[in-house]
Amino acid sequence: MKTVVLGAGLAGMTTAWYLAAQGRAVTVVDRQALAASETSYANAGMIAPGHAYTWASPRAPGILWRSLRDDTQALLLKPRLDPTMWRWLWQFLRNCTAQKARYNTSRKLVLCRYSQAELRSLTQQLALEYELLSTGALYLYRDEALLKRGVANMQVLMDGGMPLRGISREEAIELEPALASSPFAGAILSPTDESGDARMFTRNLAKACEAAGVEFVMGTAIRSIEAQGDRIVGVHTDKGVISGDDYVLAMGCDSPLMSRALGYRLPVYPVKGYSVTFPIRPEDEPPSMSGVDEQALVAWARYGNRLRFTATAEFTGYDRSHTPANFEPMLKVARQLFPNGADYSQPDYWAGLRPMTPEGLPILGKSRHRNLYLNTGHGHMGWTMACGTARVVSDIMAGKTPDIDITGMTLQ
């Protein structure tokens, strides 16, 4: 049985590994020369079931509306003459009720917890190195009112089994001394959250896949997917046709573009995020835990001798461009949180596209074509969800029932 996996990011590479472990012959195709060169390249790096909230919440419409005249908002809407954008936004807004937000968050949490367990198992099995920190995460609140609201909101995650608790400023600083001069009133501690370099993980997993016999066709642009009746018969690339017995579409934001000619309208839309990474010098005082400033919605994580900050969700189509000005609000927060955290004079800027669904849940498993399977739409939690979604999809392809209920995570 030969399987062709389209995409060599986190979703594609983890899927390739689980399929190869079943004894399949697997071929991975990607337009980039190296794995994890797009969305998985410089993401936030947090493995965070403790922050599995859906973005579609009762607060989101107001934030988007204010962003039309205030570009400091965490969600930024840049209107475009794009019917796909407006169709997606309408679906997103329909999910912004309290009831739907709670449901989508609870479904998302199930997947995130399952995926973290799979990631830990895979890390141990393969002795994968990716600068993992298993020291927990802190979610900071700048005033008591916000902290009180955050503690109330965390109940949905606690109901799903997360060991969260609200802590005082003093307790947070005791856990993370690097926050001693930071402006916050208190925090929520998620002791089981982790962080790690997703790009390093994916590329080291690619080496393990190659050792297991996975074939890589890299630097190869996918032009179209050819179907005959209810089956896929080949993938047309700029270097010829690649065929297999079945296929996995794991192309992130390009998944809806690639599947459109097959008659699909996948509700996946790109949401741009920004990250900046700084080197850590011997004299610096970086954090040892990952976390999020919940007011500014700026996340941070440490990877060995590097400190990364990520922020912003910008609805602006497939535009990956950025300028230093895009990072100024994030840099201001970084210096407030950790004044001596890293060498802020040497920023490494990056922007990437998150493949978001309106509900915040990925699209997994069977398609309308008998031999085409989906693993896409992971949004801002792709690193957290990667191993779990790959295991789910590979189990479905093997005719097994997934270990978790994937209601709300299928094409249907």
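For the single chain, residues carry numbers from 1 onward in sequence order. From a predicted model like this one, the values you see are computed outputs, not experimental measurements.
Heavy atoms from other residues, nucleotides or ligands lying under 6.0 Å from CD of Gln22 number more than 12. In Gln124, the CD atom is not crowded: 12 or fewer heavy atoms of neighbouring residues, nucleotides or ligands sit closer than 6.0 Å. Taking a 6.0 Å sphere around CZ of Arg320, one finds it holds more than 12 heavy atoms contributed by other residues, nucleotides or ligands. Within 6.0 Å of atom NZ in Lys100, more than 12 heavy atoms from other residues, nucleotides or ligands are found, so the atom counts as buried in its surroundings. A 6.0 Å sphere centred on NZ of Lys2 holds more than 12 heavy atoms belonging to other residues, nucleotides or ligands. Within 6.0 Å of the CD atom in Glu174, the count of heavy atoms belonging to other residues, nucleotides or ligands does not exceed 12. The number of heavy-atom neighbours closer than 6.0 Å to CZ of Arg59, taken from other residues, nucleotides and ligands shown, is 12 or below.
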Worksheet item: Do Arg80 and Asp319 pass the salt bridge (Lys or Arg N to Asp or Glu O under 4.0 Å) test, and can you show the C-alpha distance, the side-chain angles, and the key distance before you say yes or no?
Response: CA-CA 11 Å; Arg80 302 170 66 89; Asp319 174 25; 5.6 Å; no
Discussion item. For a side chain to side chain donor-acceptor pair (under 3.5 Å) check, start with the C-alpha distance between Glu359 and Tyr103, then their side-chain angles and the critical distance, and finish with the verdict.
Written reply: CA-CA 9 Å; Glu359 301 85 358; Tyr103 174 80; over 6 Å; no
Worksheet entry | Stepwise salt bridge (Lys or Arg N to Asp or Glu O under 4.0 Å) check, Arg308 with Asp348 | CA-CA 9 Å; Arg308 179 173 299 159; Asp348 181 9; over 6 Å; no
Discussion item. Trp300 vs Val333, test: side-chain contact (heavy atoms from CB on, under 4.5 Å). Steps then yes/no.
Written reply: CA-CA 10 Å; Trp300 75 86; Val333 173; over 6 Å; no
Item to complete: May I have the step-by-step check of side-chain contact (heavy atoms from CB on, under 4.5 Å) for Met397 and Val248, ending in yes or no?
Response: CA-CA 10 Å; Met397 293 175 70; Val248 180; 3.6 Å; yes
Practice prompt. Any chance you could lay out the side chain to side chain donor-acceptor pair (under 3.5 Å) test for Arg203 and Ser40, step after step, and finish with the verdict?
Written response: CA-CA 10 Å; Arg203 291 183 177 176; Ser40 306; over 6 Å; no
Fill in: Verdict with supporting geometry, Glu294 and Arg149, salt bridge (Lys or Arg N to Asp or Glu O under 4.0 Å)
CA-CA 11 Å; Glu294 293 286 2; Arg149 185 167 67 189; over 6 Å; no
Fill in: Criterion side chain to side chain donor-acceptor pair (under 3.5 Å) on Tyr130 and Thr123, from CA distance to verdict
CA-CA 9 Å; Tyr130 52 95; Thr123 298; 2.7 Å; yes
Worksheet item: How far apart are the C-alpha atoms of Asp246 and Arg24, what are their side-chain angles, what is the distance that settles it, and do they pass the salt bridge (Lys or Arg N to Asp or Glu O under 4.0 Å) test?
Response: CA-CA 11 Å; Asp246 48 24; Arg24 291 170 177 257; 2.8 Å; yes
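Using a 4.5 Å heavy-atom threshold, the side chains of Ser321 and Lys272 count as touching. Under the 4.5 Å side-chain criterion, counting only non-hydrogen atoms from C-beta, Thr220 is in contact with Asp238. A heavy-atom distance below 4.5 Å is not found between the side chains of Arg368 and Asp230. Taking 4.5 Å as the limit, some side-chain heavy atom of Glu194 sits within range of a side-chain heavy atom of Arg120. Inter-residue side-chain proximity for Thr39 and Pro355 is flagged as met; some heavy-atom pair is nearer than 4.5 Å. Between Ile173 and Phe184, some side-chain heavy-atom pair lies under the 4.5 Å cut-off. At least one side-chain heavy atom of Leu175 sits less than 4.5 Å from a side-chain heavy atom of Ile167. Residues Leu6 and Ile225 are in side-chain contact: their nearest non-hydrogen atoms beyond the backbone lie under 4.5 Å apart.
Interatomic distance, Leu75 CG to Ile63 CD1, rounded to the nearest 0.5 Å: 5.0 Å. Residue Asn305 holds its CG atom at 11.5 Å from CG of Asp343, rounded to the nearest 0.5 Å. Once rounded to the nearest 0.5 Å, the distance linking CZ of Arg102 with CG of Asp159 reads 5.0 Å. Between the CG atom in Leu140 and the CD atom in Gln295 there is a gap of 11.0 Å [rounded to 0.5 Å]. To the nearest 0.5 angstrom, Arg391 atom CZ is 4.0 Å from Tyr114 atom OH. We find the CG-OH distance between Leu34 and Tyr41 to be 9.0 Å, quoted to the nearest 0.5 Å.
Using a distance-only test at 3.5 Å, with no hydrogens or angles considered, no donor-acceptor pair links the side chain of Ser67 to the main chain of Asp70. Side-chain atoms of Thr105 come within 3.5 Å of backbone atoms of Thr54 as a donor-acceptor pair (strictly under, hydrogens ignored). With hydrogens and angles disregarded, no donor-acceptor distance shorter than 3.5 Å links the side chain of Asp395 to the backbone of Val392. No donor-acceptor distance shorter than 3.5 angstrom exists from the side chain of Thr410 to the backbone of Leu364, with no hydrogens or angles considered. Arg113 places no side-chain N or O within 3.5 Å of a backbone atom of Ser115 that could act as its donor or acceptor partner. A donor-acceptor pair is defined here as one N or O able to donate and one able to accept, closer than 3.5 Å; such a pair exists between the side chain of Asp193 and the backbone of Gly50. Within the 3.5 Å criterion, the main-chain N or O of Ser275 finds no donor-acceptor partner in the side chain of Trp350. Side-chain N or O atoms of Glu131 include none that pairs as donor or acceptor with a backbone N or O of Met200 at under 3.5 Å. Counting only distance, with no hydrogens or angles, the side chain of Asn371 and the backbone of Asp245 share a donor-acceptor pair below 3.5 Å. Of the possible donor and acceptor atoms, one in the side chain of Arg169 sits under 3.5 Å from a partner among the backbone N and O of Ser182.
Across all their heavy atoms, Ser367 and Leu411 have their closest contact at CA-CD2, 4.0 Å. Across Leu133 and Ser288, no two heavy atoms sit closer than the pair CD1-O, 3.7 Å. The two atoms that bring Pro270 and Gly317 nearest to each other are CG-O, 3.3 Å, heavy atoms only. Pairing each heavy atom of Thr376 with each of Ser255, the nearest pair is OG1-OG, 3.0 Å. Pro49 and Met162 get closest at one heavy-atom pair: CB-SD, 3.8 Å.
Ring orientation note: the planes of Phe278 and Phe309 are nearly perpendicular, at an angle over 60° on the 30°/60° scale. Below 30°, between 30° and 60°, or above 60°: for Tyr269 and Tyr318 the angle between ring planes is above 60°, a perpendicular geometry. The aromatic rings of Tyr53 and His51 stand perpendicular to each other, their planes meeting at an angle above 60°, with 30° marking the opposite boundary. Ring geometry for Trp55 against His380 counts as parallel: the plane angle stays under 30°, on a 0 to 90° scale with 60° as the upper cut.
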